[in-house]
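Down below is the structure, laid out as structure tokens.
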Amino acid sequence: MKKKKSPLRISFVAAEVAPYAKVGGLADVVGSLPKALADLGCLPRVIVPRYEHIRLADMGAEQVAVFSIPFAGQSYNAKIYRSQLLHARVPLYLIDQPIWLSSGDIYRQKDSVSDSSFLLKRFLFFCLAAQTLITKLRFAPHIVHVHDWMTAPLCLLPDPTGRNANGSKRVLTIHNIGNEGFANAELLNLVGLTLRSFSPLTRSKDDHHFFNTFAQAILEADCINTVSPTYAKEILTSKFGGGLERVLKKRARNLRGILNGIDTEYFNPASDQFIAEPFTQDSLKRKPANKRDLQKNLGLRVSDPAFLCGIVTRLSEQKGIELLIHAMKHPVSKDMQFAILGEGNAEYEEILRSLSHDHSGQIAFSARYDSHLARKIYAGADAFLMPSRYEPCGLAQLIALRYGTVPIVHDTGGLHDTVVDFRKRNGQGFLFKGFAPKEFLKVLDAARREFLVPQRWQRLQLNGMSADHSWQRSAQEYLQMYQSIVAK
Ligand code: GLC
């Protein structure tokens, strides 16, 4: 009799998961890809730190174990809580440890601690604790799937189940090459690692005692991927590789680009409870009610002909905020409006606050992330701006497309792969090449002129709304990647 294939067991280990612990798109991916994999018959589980702000009772989490983790010459008790991903029957494990994980913000230590290597220690501890949890609770995953520099060190830890026998394989997803974790011999020793196995290619240029754990994990993972085909090519160049292009080139054969998806049930203009007037492709005429609602809500001048541009973003250099600021200071028309939701860099916040103060009615800025307001912007704006300097994938443009809001983006990374230029037959949006204020203003002007011709604009909206950016296809690609290394 033919033996039935057992479902693929995958342990996701990550620093963020939406909606409980979210700074960027990483959280959305970790919160939604496992669900799509479960729909394909896999058995995923997700493991994240329990940060201080996470209210375990609200998410129905129950304690299932306590483990003692040897770290830095001491033993630390870590409590393990079990819950589920939101709207999915995928187990979510949270590791609580007051000193290393459960105090301070996700990427900020408590004010009372002043240790410049705290974050690296936090995530080294987390990797070790996650490894212990996987072993002790006998998950026996076929795949341990880690994300970005924070959990990349898990690829370096010896697999207690015997890596090359029936042990699990390591998959590393690069969501953003821009952040890295450097360690010296002393820091590596905290988790029992030595520098002996580190490649000279991972040595820091600034301090030769330090080595890049992310880079070393790129060399050692069984398979690596990034979140769009174009970014997968870009990071092999010195312009985008941030110094890691040399290690990436060594792994080029095992580096894939798999586009992110979005949770299309959660982001659904037809049933979204948080927008003023739900709508579909067939009832696009309802969308302007959302525009008026957004204008009213944010104190913008209520006007249908105004060209309302929405922005939902982290305020970081990556996101091209200086181009946005330039465009707000030099709008291509008096009829332009900007609705910005974003937090991050304090200087950017200050500039945006003062711009919105000086141009109230035309520019509205909100610095506190609010998922309901975000959806009102996706639904109410005419266009959505993403002039990112670089963009591994980008999720906001996918949500905008779904809500019939036309994206205007820098032609890079995942933006290149997901937005079809307005001049093409199935055009959906506007792309500009050359990261410069002049180019951005030019494309804004071109978009505004299209906006003035309603049937042309509507064609872009409908093309965007009919594009499929659900996780289905990409989850299938992840599954193929997993299967290809498990079979080896
Ligand atoms: C990072 C990238 C973004 C990507 C997200 C999820 O935030 O900057 O482009 O969409 O990760 O993969």
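We count ligands from 1, going down the list as the structure has it; atoms in each ligand are counted the same way. Heads up: numbering here begins at 1 and tracks the sequence. On a predicted model such as this, the values are computed, not experimentally measured, just so you know.
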Query raised in the report: Any N or O on Gly24 sitting closer than 3.5 Å to an N or O of ligand 1?
Result: no
Query raised in the report: Any side-chain donor-acceptor pair under 3.5 Å between Asp411 and His416?
Result: yes
Query raised in the report: At a 4.0 Å threshold, what atoms of ligand 1 neighbour a non-hydrogen atom of Asn176?
Result: 8 (O)
**Report entry** Working for salt bridge (Lys or Arg N to Asp or Glu O under 4.0 Å), residues Asp468 and Arg473
**Finding:** CA-CA 9 Å; Asp468 178 6; Arg473 201 180 54 199; over 6 Å; no
Requested in this report: Compare every heavy atom of Ser103 with every heavy atom of Arg122, then report the nearest pair and how far apart it is.
Outcome: NH2-O, 2.5 Å
Report summary line: In ligand 1, the atoms that come under 4.0 Å of a heavy atom of Leu26 are 5 (C), 6 (C), 11 (O)
**Report entry** Flag if over 12 foreign heavy atoms under 6.0 Å of CD, Glu265
**Finding:** no
Report task. Under 4.0 Å from a heavy atom of Gln318: give me the atoms of ligand 1 that qualify, with their elements. Result -> 8 (O)
Query raised in the report: Is there a side-chain hydrogen bond (donor to acceptor under 3.5 Å, both in side chains) between Thr173 and His145 once you walk through the steps?
Result: CA-CA 8 Å; Thr173 296; His145 189 160; 2.6 Å; yes
Query raised in the report: Side chains of Arg89 and Lys35: closer than 4.5 Å at any heavy-atom pair?
Result: no
Query - Non-hydrogen atom of Gly394 closer than 4.0 Å to ligand 1 - result: yes
Report summary line: Glu391 heavy atoms within 4.0 Å reach ligand 1 at atoms 2 (C), 3 (C), 8 (O), 9 (O)
Requested in this report: Go through the steps for Gln461 and Gln428 under the test side-chain hydrogen bond (donor to acceptor under 3.5 Å, both in side chains), then give the verdict.
Outcome: CA-CA 6 Å; Gln461 291 179 299; Gln428 309 161 330; over 6 Å; no
Query raised in the report: Does ligand 1 have a heavy atom under 4.0 Å from the side chain of Asn260, from its backbone, from both, or from neither?
Result: side chain
Requested in this report: For ligand 1, find out whether one of its N or O atoms is nearer than 3.5 Å to an N or O atom of Val227.
Outcome: no
Query raised in the report: Looking at Phe139, does the NZ or CZ of Arg45 lie under 6.0 angstrom from its six-membered ring centre and within 45 degrees of the ring axis?
Result: yes
Query raised in the report: For ligand 1, is there an N or O atom under 3.5 Å from any N or O atom of Lys319?
Result: no
Report summary line: For Trp471 and Ser32 the tightest heavy-atom approach is NE1-OG, 2.8 Å
Report summary line: Note: Arg314, heavy atoms under 4.0 Å from ligand 1, region reported as side chain
**Report entry** Location of contacts on Val29 toward ligand 1, heavy atoms closer than 4.0 Å
**Finding:** side chain
Requested in this report: Considering the heavy atoms of Gly25, write down every atom of ligand 1 situated less than 4.0 Å from one of them.
Outcome: 5 (C), 6 (C), 7 (O)
Query raised in the report: In terms of residue, atom name and distance, what is the protein heavy atom nearest to atom 11 (O) of ligand 1?
Result: His175 CB, 3.4 Å
